[in-house]
Amino acid sequence: MNQFIEFQQQYLKQFNDYLHQQLVQEVHQPQVLEGMLYSLDAGGKRIRPFLMLATLKSLQDNTIITDYFKIAGSIELIHTYSLIHDDLPEMDNDDYRRGQLTNHKKFTPARAVLAGDSLLTHAFIWLTANQLPSEIKTQLVQILAQSAGANGMIAGQMIDIINTGKKLSLEEVTHLDNQKTGALITAAVQMGALCGQASADVMFHLQRFSQDFGLAFQIYDDLLDVTGSQSQLGKKVGKDQLEGKNTYVRLLGIAPAQKKLAAIVQAARQELTEVHLDKSILADALKYFD
Ligand code: GRG
């Protein structure tokens, strides 16, 4: 039994329908809406929003989860924007994403830029247009903007781009992964912890848990890129290898990267044990790496 998967299955359709309906109601320019929905409705595992919701649920079992769909949805909007921009010819130049043509291939690069910009901006509408107390909303905006912005995911993307083809050290790759992938995952858990009124101690350990989770997520994806029939990103197997991307697998090799992944997952589990959350829905999210 995996409580995280069960939790996700319980709410996934409702969550996806909610995101779709909200955008249909709130976005008035047809081509902007079309571009946003094209990538948002294409699926995706919804790991980040469900990490947020699972953190909340693990801390406050009686919470009405649907009340937090907009907060969780804001994280997915940012993630989807980052994928659209990452796929552009000027960045990774990918043709397929989430099992369909990338946004710029389906429409045009100019339209894909605008679809991404709209998703990014709209995230902050969702973060602020809800019933939560103002001081919580301010903190949520801070967390998400910091993690997605110049000192978070964008910094990671920059480090990635300027170093493609050059060989980074393990420490540098870790830093890259923490920013590019880890920042948004950390934000998701932090946002759930904030909504779930976590104590300072619980917050501290959840922060460390989420950093481990983020790094594990990237290493796992890198492993799938070389060992899977298709990586999670829907890209061609080994694409990152061929393009000289800096990954754990490229630096260490497959078996040591697998060992490293297992150690990080173990460390993440230990953080939850420290605050008695090792039997929680959130703990079961770690089974994703099994
Ligand atoms: C363009 C500012 C900007 C940032 C791009 C997220 C990102 C940074 C690039 C995407 C490409 C990439 C290799 C990201 C690493 C993180 C990762 C594994 C993303 C894919 O996330 P999943 O697996 O995708 O959660 P789905 O489609 O399931 O949502």
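For ligands, and for the atoms within them, numbers begin at 1 and follow the listed sequence. Values in this document were obtained by computation on a predicted structure and should not be read as measured data.
- Taking the six-membered ring for Trp and thresholds of 30 and 60 degrees, F289 and Y220 have ring planes more than 60 degrees apart, a perpendicular arrangement.
- Interatomic distance, L40 CG to N16 CG, rounded to the nearest 0.5 Å: 7.5 Å.
- Of the heavy atoms in D86, both backbone and side-chain atoms come closer than 4.0 Å to ligand 1.
- Considering both main-chain and side-chain atoms, T181 never comes within under 3.5 Å of ligand 1 through any nitrogen or oxygen pair.
- The shortest distance between side-chain heavy atoms of E271 and D212 falls below 4.5 Å.
- Neither the backbone nor the side chain of R46 comes within 4.0 Å of ligand 1, counting heavy atoms alone.
- A ring-centre distance under 6.0 Å is found for F107 and Y38.
- Each of the atoms 2 (C) of ligand 1 lies under 4.0 Å from some heavy atom of Y81.
- Close approach of ligand 1 to I154 (heavy-atom distance below 4.0 Å) involves ligand atoms 2 (C).
- The ring pair (Phe, Tyr, Trp, His ring centres under 6.0 Å) test with F15 singles out one residue from F69, Y68, F7, and that residue is F69.
- Side-chain contact check for Y81 versus M36: every heavy-atom pair is 4.5 Å or farther apart.
- Under 4.0 angstrom from ligand 1, the non-hydrogen atoms of Q157 all belong to its side chain.
- Counting atoms of ligand 1 from 1 in the listed order, those under 4.0 Å from a heavy atom of R98 are 26 (P), 27 (O), 29 (O).
- For atom 29 (O) of ligand 1, the nearest non-hydrogen atom from the set R48, Q179, H79 belongs to H79.
- The pair K287-D284 counts as a salt bridge, with a side-chain nitrogen and a carboxylate oxygen less than 4.0 angstrom apart.
- Of the listed residues (R46, K70, R48), just one forms a salt bridge (charged side-chain N to carboxylate O under 4.0 Å, His left out) with E76, and that residue is R46.
- Interface atoms of ligand 1 facing H85, defined by a heavy-atom separation under 4.0 Å, are 1 (C).
- Close approach of ligand 1 to G44 (heavy-atom distance below 4.0 Å) involves ligand atoms 26 (P), 27 (O), 28 (O), 29 (O).
- Taking every heavy atom of L83 and a limit of under 4.0 angstrom, the matching atoms of ligand 1 come to 10 (C).
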